[in-house]
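Below is one structure, written out as structure tokens, with a few remarks after it.
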Number of protein chains: 2
Amino acid sequence: MRVGELSRRSGVSVASIKYYLREGLLPAGERTGPNQAVYGDDHVRRLRMIRALIDVGGLSVVATRDVLAAVDDPELPLFMALGRASGTTMTAPEPSEEQDEAWAQAERMLAEQVDARGWQVSAENPAWHTAVGVLATYTRLGDADLAQQLGLYMTTMEEVAEREVAAVVDRGDRARTVEGVVVGTVLGDALLAAVRRLAQQHCSLRLLGEAPTHPRG
Amino acid sequence: MRVGELSRRSGVSVASIKYYLREGLLPAGERTGPNQAVYGDDHVRRLRMIRALIDVGGLSVVATRDVLAAVDDPELPLFMALGRASGTTMTAPEPSEEQDEAWAQAERMLAEQVDARGWQVSAENPAWHTAVGVLATYTRLGDADLAQQLGLYMTTMEEVAEREVAAVVDRGDRARTVEGVVVGTVLGDALLAAVRRLAQQHCSLRLLGEAPTHPRG
DNA sequence: GGATATGGACAGTAGAGCTATCCACTCGGG
DNA sequence: CCCGAGTGGATAGCTCTACTGTCCATATCC
């Protein structure tokens with residue numbers, strides 16, 4: 001197919017497709033002449049993935065490009081591609097002078113919990129940095145019983161991650177497998193957040209008996 | 001204190017403080033003359049909260065304004081403020097013509113799980129819409145065993161939410177309590193996501209024995 | 001009384017993410 | 001073989017967000 005049909009099938013405008021081609025998110029089509037090219041079903045799927053990562057996952061175009069580059073790199077082990085995805089998904093503030101003690105305290109707290117659980121995680125994992133940053137921000141805002149919450153999050157996320165990793169079966173096609181992992185990771189964040197909100201409404205209703213109605217808008 | 005000291009103490013530039021005042025994120029200081037005003041510790045805390053919601057939570061300035069307006073509204077019940085926070089935090093794509101069947105299927109799947117668990121959630125909760133949108137996107141991308149994953153997410157998030165709601169003790173000052181809930185909700189998303197990445201690294205290492213090193217950059 | 005700071009208004013800026021226009025082709029129907 | 005729609009490529013422009021800078025009349029502080 002050519003670009004017009006690709007646009008129709010993916011729901012992405014021709015102008016945007018050209019833009020994604022320029023920015024390296026979408027691989028070029030197969031050339032059939034000096035200024036003609038054809039695209040396949042892979043391009044349709046790729047475009048859908050791009051839109052999902054940007055719209056639902058909230059990734060920037062650059063982050064999406066990097067994630068997809070990791071997906072495409074056959075050298076990269078499966079969960080490294082995932083790690084690459086984390087790096088581009090997560091953003092946390094840098095520690096700046098006066099926050100240093102909150103930062104150090106947060107890092108100690110996290111390290112303690114990680115050690116206590118015997119987790120094997122590398123400090124180079126961007127998620128480590130993010131987690132420390134979020135924890136430091138929490139404490140700076142004066143939030144109480146944070147360690148308890150962190151422990152809860154780690155316990156539950158370990159269960160989630162264990163099942164997620166176990167569910168990853170190699171589908172033969174490595175690219176497809178990695179795609180699934182990346183999509184599951186990025187969209188999983190959004191789904192977890194949404195489900196958390198629903199659970200919070202349910203639990204607040206059950207435990208506090210507050211009004212179930214929700215403000216519109 | 002006046003705006004200069006407020007800037008120094010909060011780490012936010014005077015220009016940005018003026019901008020937040022204009023946009024209604026920060027309440028005006030107490031007037032001491034026709035063109036003079038003083039600010040208090042509340043303003044410092046509010047500024048830190050603004051930066052946290054924007055930088056760590058990833059909210060837009062407008063979303064932050066709305067969340068803070070809900071925090072400030074003494075009429076709004078506690079967990080409605082939280083709901084208001086969800087609405088501005090979450091964004092999902094709208095269903096558009098050809099995705100309709102995926103959308104309907106996703107909505108059925110979620111409703112089924114919600115009913116099975118006896119959750120009391122309102123369809124007006126923006127999180128519902130978001131969850132359906134994410135699920136529909138998943139299916140459109142052809143991901144397998146999704147219901148299983150959804151069930152896992154709901155089970156674990158129910159546990160998380162239950163503990164979070166139980167941990168909310170009224171600190172006397174309603175505004176402070178709501179602040180804590182909002183911060184916990186928004187920053188909690190980021191922390192959960194980061195912890196999930198760490199847990200994924202740990203579990204992938206444990207279950208698959210892949211290289212623990214992480215790509216730099 | 002003079003340097004510095006302030007509140008308020010408004011214009012300007014940088015980056016992200018497209019979108020529109022132009023051009024030289026080329027494909028497909030008549 | 002011709003004509004109109006479509007194509008790839010390049011480049012310019014647009015809209016939105018989140019600031020940032022400038023200006024000015026006043027106010028504060030030494």
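A note on names: the letters A, B, ... follow the listed sequences, proteins ahead of strands, and every chain is numbered from 1.
- Under the rule for a salt bridge (Lys or Arg N to Asp or Glu O under 4.0 Å), R65(B) has no partner lying at least two apart in sequence or in another chain.
- Remark: the backbone N or O of P126(A) is not paired with any side-chain donor or acceptor of H129(A) at under 3.5 angstrom.
- Atom-to-atom distance recorded for L152(A):CG and R163(B):CZ is 4.5 Å, nearest 0.5 angstrom.
- Under 4.0 Å is where a charged nitrogen must lie from a carboxylate oxygen, and between R176(B) and D42(B) no such pair does.
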Compile the donor-acceptor pairs under 3.5 Å between side chains in residues 11-22 of chain B and protein atoms, sequence neighbours left out, one pair per line.
from	atom 1	to	atom 2	distance (Å)
S13(B)	OG	S16(B)	N	3.1
S13(B)	OG	S16(B)	OG	3.0
Y20(B)	OH	R51(B)	NH1	2.3

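- By the side chain to side chain donor-acceptor pair (under 3.5 Å) test, Q149(A) is found to be paired with no residue, residues two or more places apart in sequence or in another chain being considered.
- Each side-chain hydrogen bond (donor to acceptor under 3.5 Å, both in side chains) pair with one or both residues in residues 24-41 of chain A, not counting sequence neighbours, appears once here: R2(A)-Q36(A), R9(A)-D41(A).
- Close approach of DNA chain D to chain B, defined as any atom under 4.0 Å from a non-hydrogen atom of the protein, starts and stops at dA18(D) to dT28(D).
- Contact check on D189(B) versus R197(A) returns a salt bridge, with a Lys/Arg side-chain nitrogen under 4.0 Å from an Asp/Glu carboxylate oxygen.
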Checklist outcome for this item: With B for base contact, S for sugar-phosphate-only contact and - for none (protein heavy atoms under 4.0 Å), nucleotides 1-8 of chain C reads ----SSBB
Table of protein N/O atoms under 3.5 Å from nucleotides 14-19 of chain C N/O atoms:
from	atom 1	to	atom 2	distance (Å)
dG17(C)	OP1	V61(A)	N	3.4
dG17(C)	OP2	V61(A)	N	3.3
dC18(C)	OP2	Y20(A)	OH	3.3
dT19(C)	OP2	S16(A)	OG	3.2
dT19(C)	O4	R22(A)	NH2	3.3

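- Of the possible polar contacts, none joining the R196(B) side chain to the L191(B) backbone as a donor-acceptor pair under 3.5 Å is found.
- Applying the salt bridge (Lys or Arg N to Asp or Glu O under 4.0 Å) rule to R108(A) yields no partners; only residues at least two apart in sequence or on another chain are considered.
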